[in-house]
Amino acid sequence: MDARERILGKLRATQKPFADVAPIEDRRPMIPMEDLSSAEQLRRFIAEAEALGCFVYQVGPNEALEQIMEVLDGDKNVLSWDEAELPMDGLPGMLKSLGVAIGRHDDGDARVGITGVTAALAATGSLILESGAGRYRGTSLLPDVHIALMRAEQVLPDLESWEEAQRREGYPAFTQASNTTIVSGPSKTADIAHQLVKGAHGPREVHVMILA
């Protein structure tokens with residue numbers, strides 16, 4: 001038996017830690033919410049997202065297109081998830097009719113990226129994005145501006161609620177998605193001299209459009 005096997009044998013024979021600790025049955029949320037009504041969850045999400053520095057809009061389809069064009073501010077090229085992965089039917093065609101092309105998903109020169117979301121968390125104002133076929137990871141990370149399209153029914157109370165839903169469904173965000181990202185406002189860091197810098201590891205602006 002070589003040294004590697006002796007070491008692994010000792011590790012395997014070691015008693016597992018915390019074996020006598022009973023599983024947690026009554027989990028307490030990190031950020032409690034007393035009112036779990038849909039209206040309050042939406043209100044709380046908007047307030048928390050805006051506190052993080054996001055721009056949040058509640059819009060219908062026509063208003064959403066107008067708002068997207070305003071954010072584009074004359075840009076003729078954007079990154080986008082595939083149409084089937086967006087909660088707004090016909091968006092690529094509508095953009096094309098207005099002279100805006102959908103670029104390659106790895107185009108690092110595009111200023112704006114448009115995605116859907118998997119879920120939104122009321123307690124923290126965070127967005128959850130799962131990457132995969134038609135849901136390109138770089139769309140929310142490469143451009144300076146991220147436009148996230150979502151519907152009000154995608155709002156969940158908190159991260160624990162999302163995790164519980166994942167557990168019931170077999171954790172698809174980790175077994176089926178190529179990458180899962182929790183976005184809490186624009187990218188920012190204060191690692192150097194405690195000076196806040198936006199856009200260090202992702203977009204400088206996040207625009208959340210909640211479609212009616």
Side-chain angles (χ1 to χ4, degrees), residues 45 48-49 52-57 64-65 67-68 71-73 75-96 100-151 153-156 158-163 165-167 169-189 191 197-211:
F45 168 75
E48 295 295 336
L52 290 170
C54 297
F55 300 93
V56 184
Y57 320 86
L65 181 60
Q67 193 63 58
I68 289 171
V71 175
L72 289 175
D73 193 26
D75 288 7
K76 299 301 181 182
N77 181 56
V78 298
L79 301 187
S80 177
W81 282 5
D82 288 355
E83 181 177 355
E85 306 300 332
L86 299 174
M88 186 173 172
D89 295 336
L91 179 58
M94 288 186 280
L95 291 175
K96 183 178 180 180
V100 179
I102 305 297
R104 286 176 50 89
H105 64 83
D106 57 354
D107 182 0
D109 293 327
R111 189 181 66 89
V112 179
I114 303 173
T115 74
V117 308
T118 302
L121 308 181
T124 56
S126 304
L127 303 172
I128 297 180
L129 281 68
E130 295 177 20
S131 302
R135 305 186 304 274
Y136 310 105
R137 188 182 312 179
T139 306
S140 66
L141 297 174
L142 287 176
D144 273 349
V145 179
H146 174 203
I147 298 176
L149 305 177
M150 59 171 286
R151 296 193 180 279
E153 54 265 31
Q154 291 180 283
V155 178
L156 299 175
D158 47 33
L159 186 63
E160 294 92 338
S161 300
W162 176 75
E163 192 278 333
Q166 285 289 310
R167 186 189 64 78
E169 298 169 9
Y171 294 99
F174 304 100
T175 60
Q176 299 175 24
S178 63
N179 175 264
T180 297
T181 306
I182 299 177
V183 177
S184 297
S187 170
K188 46 192 173 292
T189 181
D191 289 346
V197 177
K198 292 187 176 181
H201 311 294
R204 300 172 187 272
E205 293 182 11
V206 177
H207 296 257
V208 182
M209 300 189 187
I210 305 171
L211 303 177

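In this text the structure is predicted, and so the values were computed from the model without any measurement. The first residue in the sequence is number 1, and the count goes up from there.
Residues that satisfy the side chain to side chain donor-acceptor pair (under 3.5 Å) test with Asp191, not counting sequence neighbours, are Thr189. Qualifying side chain to side chain donor-acceptor pair (under 3.5 Å) partners for Ser161, counting only residues two or more places apart in sequence or in other chains: Asp158. The side-chain contact (heavy atoms from CB on, under 4.5 Å) check on Gln67 picks up Tyr57, Glu70, Val71, Met209, with sequence neighbours excluded. Not a single side chain to side chain donor-acceptor pair (under 3.5 Å) links Glu169 to another residue, sequence neighbours left out. Qualifying salt bridge (Lys or Arg N to Asp or Glu O under 4.0 Å) partners for Glu48, counting only residues two or more places apart in sequence or in other chains: Arg44. A search for side chain to side chain donor-acceptor pair (under 3.5 Å) contacts involving Ser140 returns nothing, not counting sequence neighbours.
Residue Leu79 comes nearest to Gly138 through the heavy atom pair CD1-O, 4.3 Å, listed as atom of the first residue, atom of the second, then distance. Summarising the geometry of Ala110 relative to Asn77, their closest heavy-atom pair is CB-ND2, 3.9 Å, with the distance given to 0.1 Å. Heavy atoms only, all atoms of each residue included: Val155 and Met150 are closest at CG2-CE, 3.7 Å. Closest approach of Ala49 to Val56, counting heavy atoms only: CB-CG2, 3.9 Å. Residues Pro186 and Gly53 share a closest heavy-atom pair of CG-O, 3.9 Å.
Once rounded to the nearest 0.5 Å, the distance linking CG of Leu149 with CG of Leu91 reads 6.5 Å. Expressed to the nearest 0.5 Å, how far CD1 of Ile128 lies from CD of Gln154 amounts to 10.5 Å. Atom OG1 of Thr180 is separated from atom CH2 of Trp162 by 5.5 Å, given to the nearest 0.5 angstrom.
Within the structure, the salt bridge (Lys or Arg N to Asp or Glu O under 4.0 Å) test picks out the following pairs touching residues 77-93 (sequence neighbours left out): Glu85-Arg135. Residue pairs meeting the ring pair (Phe, Tyr, Trp, His ring centres under 6.0 Å) criterion with at least one partner in residues 102-143, sequence neighbours excluded, are His105-Tyr136. Within the structure, salt bridge (Lys or Arg N to Asp or Glu O under 4.0 Å) pairs that include any residue of residues 170-181 do not occur (at least two apart or interchain). Counting only residues at least two apart or in different chains, salt bridge (Lys or Arg N to Asp or Glu O under 4.0 Å) contacts with residues 136-151 comprise Asp144-Arg204. Sorted by first and then second residue, the pairs that involve residues 103-119 and meet salt bridge (Lys or Arg N to Asp or Glu O under 4.0 Å), not counting sequence neighbours, are Asp75-Arg111, Arg104-Asp106.
The closest side-chain heavy-atom distance from Phe55 to Ile147 is not below 4.5 Å. Put simply, the side chain of Leu65 reaches to within 4.5 Å of the side chain of Leu95, judged on heavy atoms.
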Under 3.5 Å, sequence neighbours excluded: what are the donor-acceptor pairs made by side chains of residues 112-126?
residue : atom : partner : partner atom : Å
Thr115  : OG1  : His146  : NE2          : 2.8
Thr118  : OG1  : Glu130  : N            : 3.3
Thr124  : OG1  : Ser126  : OG           : 2.9
Ser126  : OG   : Ser184  : OG           : 2.6

